[in-house]
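Each chain gets a letter, A, B and so on, in the order the sequences are listed, and its residues count up from 1.
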Protein chains: 2
Amino acid sequence: MIVEAAANVFREKGYDGGSLDDVAEALDIRKASLYYYINSKAELVGLVFETAMDGAREDIDRIVLIEDPVDRLRALVEHQIGRVISDLSHFSVFFDHIGFTKESSAKSERLRQLERSYVEAFSQTVERAIAEGVLPDVDPRYATRAIMGMTCWTYKWFDHDRHDGAALSETCLQLLLGTGQAVGRQG
Amino acid sequence: MIVEAAANVFREKGYDGGSLDDVAEALDIRKASLYYYINSKAELVGLVFETAMDGAREDIDRIVLIEDPVDRLRALVEHQIGRVISDLSHFSVFFDHIGFTKESSAKSERLRQLERSYVEAFSQTVERAIAEGVLPDVDPRYATRAIMGMTCWTYKWFDHDRHDGAALSETCLQLLLGTGQAVGRQG
DNA sequence: CCTACCGATCGGTAGG
DNA sequence: CCTACCGATCGGTAGG
């Protein structure tokens with residue numbers, strides 16, 4: 001698919017560094033032919049964003065409904081990491097090139113809102129975990145960013161041949177929940 | 001300084017998206033004049049990397065020497081966050097455009113080694129925290145990445161007008177140490 | 001989905 | 001530090 005090809009190109013070379021010629025070459029067609037499917041390069045990268053977002057949004061609405069606090073936090077971390085590592089190209093483009101769409105078109109405005117509502121749901125889940133005592137009593141704004149960093153950062157280094165997503169999720173959860181023989185934690 | 005101007009331009013527009021004309025304009029000179037100071041665009045972005053790295057390296061060598069496990073971990077988190085937020089432009093370029101220097105010149109090889117030894121020192125500090133029981137008994141490789149993500153991710157969202165670096169550091173530490181109240185603060 | 005092409009912009013150089 | 005300029009590449013269009 002054209003969106004997959006674009007995601008791979010933009011991941012390797014960046015949005016500005018990757019050309020439509022590169023995308024076309026990956027599809028074994030000519031650049032001009034791309035315009036049969038898309039109207040502009042900006043629209044193409046918008047489709048990459050959308051693909052990354054749409055999948056992630058499905059999960060989070062379901063996660064919010066989980067009742068057990070630990071299960072809910074676990075689901076949040078596992079799904080964030082799972083989404084990112086199963087779609088490294090899309091998320092690389094999404095994370096490193098958001099804000100490049102200068103135009104405030106209806107499309108990019110919709111994307112920005114999609115992202116906002118995603119962060120909002122993520123944030124609420126963290127807030128509840130704090131209120132329920134599953135996480136320490138910290139500033140929920142910073143805790144949200146910290147946990148997003150912990151999980152999203154994955155796209156910078158994760159390699160499917162060398163790393164294991166489940167083990168990573170487990171590590172993150174243990175760091176957050178403080179389980180294990182942590183000092184001053186029993187009680 | 002020319003490196004500061006370049007960092008700002010590359011942060012806002014990316015390495016490929018930001019032109020030498022942009023950098024020159026920020027300095028109120030002509031593009032050709034930049035070549036009195038630099039030999040290429042790649043060299044310029046290399047100088048941006050170097051600036052970000054050199055500062056961070058100073059700290060970490062000192063942090064490794066701290067004896068108290070909690071103090072050492074605290075210093076690691078505080079300095080990582082402190083460096084990133086005091087140099088948002090440089091680190092944005094560093095994190096999002098590393099690997100773009102295709103040439104394996106002596107310079108870029110030196111930079112890659114600088115980065116490797118930095119990650120190595122960071123990693124050792126996390127490993128020791130696990131061994132000493134300050135962090136849960138998790139895979140140190142993933143724990144290193146998780147903590148780097150937690151702290152480095154800051155460059156994506158931190159705004160000096162709206163956020164407080166010290167409060168963020170405190171939140172990260174409490175999440176990691178699992179204490180409701182701050183640990184290791186009083187003497 | 002193609003060939004052919006355009007205007008704009010880019011990194012970099014000549015020569016002062 | 002400047003004016004002037006070059007070759008290459010880019011996103012996008014015409015017309016089929």
Output, in order, the C-alpha distance, side-chain angles, deciding distance and verdict of salt bridge (Lys or Arg N to Asp or Glu O under 4.0 Å) for A/Arg74 and A/Asp71. CA-CA 5 Å; A/Arg74 168 176 294 276; A/Asp71 286 349; 5.3 Å; no
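- Per the geometry, OH belonging to B/Tyr36 stands 13 Å off C1' belonging to D/dC2, to the nearest Å.
- A donor and an acceptor atom, one from each side chain of B/Tyr142 and A/Asp164, are nowhere located under 3.5 Å apart.
- Taking 4.5 Å as the limit, every side-chain heavy atom of B/Ser19 sits out of range of all side-chain heavy atoms of B/Lys31.
- In this structure a side-chain-to-backbone donor-acceptor pair under 3.5 Å is missing from B/Asp137 to B/Gly133.
- When all heavy atoms of B/Ile63 and B/His79 are compared, the closest pair comes out as CD1-CB, 3.9 Å.
- Applying the ring-ring contact (aromatic ring centres under 6.0 Å, His included) criterion to B/Phe158, with sequence neighbours excluded, gives B/His160, B/His163.
- Computed from coordinates, the A/Ile38 CD1 to C/dC1 P distance equals 12 Å when rounded to whole Å.
- Between the side chains of B/Arg141 and A/Thr171, no donor N or O sits under 3.5 Å from an acceptor N or O.
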With B for base contact, S for sugar-phosphate-only contact and - for none (protein heavy atoms under 4.0 Å), nucleotides 4-16 of chain C reads B-----SBBB---
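- Side-chain contact check for A/Phe94 versus A/Val48: every heavy-atom pair is 4.5 Å or farther apart.
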Dot-bracket, 5' to 3', for DNA chain C please: Watson-Crick or G-U pairs under 3.5 Å, [ ] where pairs cross earlier ones, | where the partner sits on another strand, dots elsewhere. ||||||||||||||||
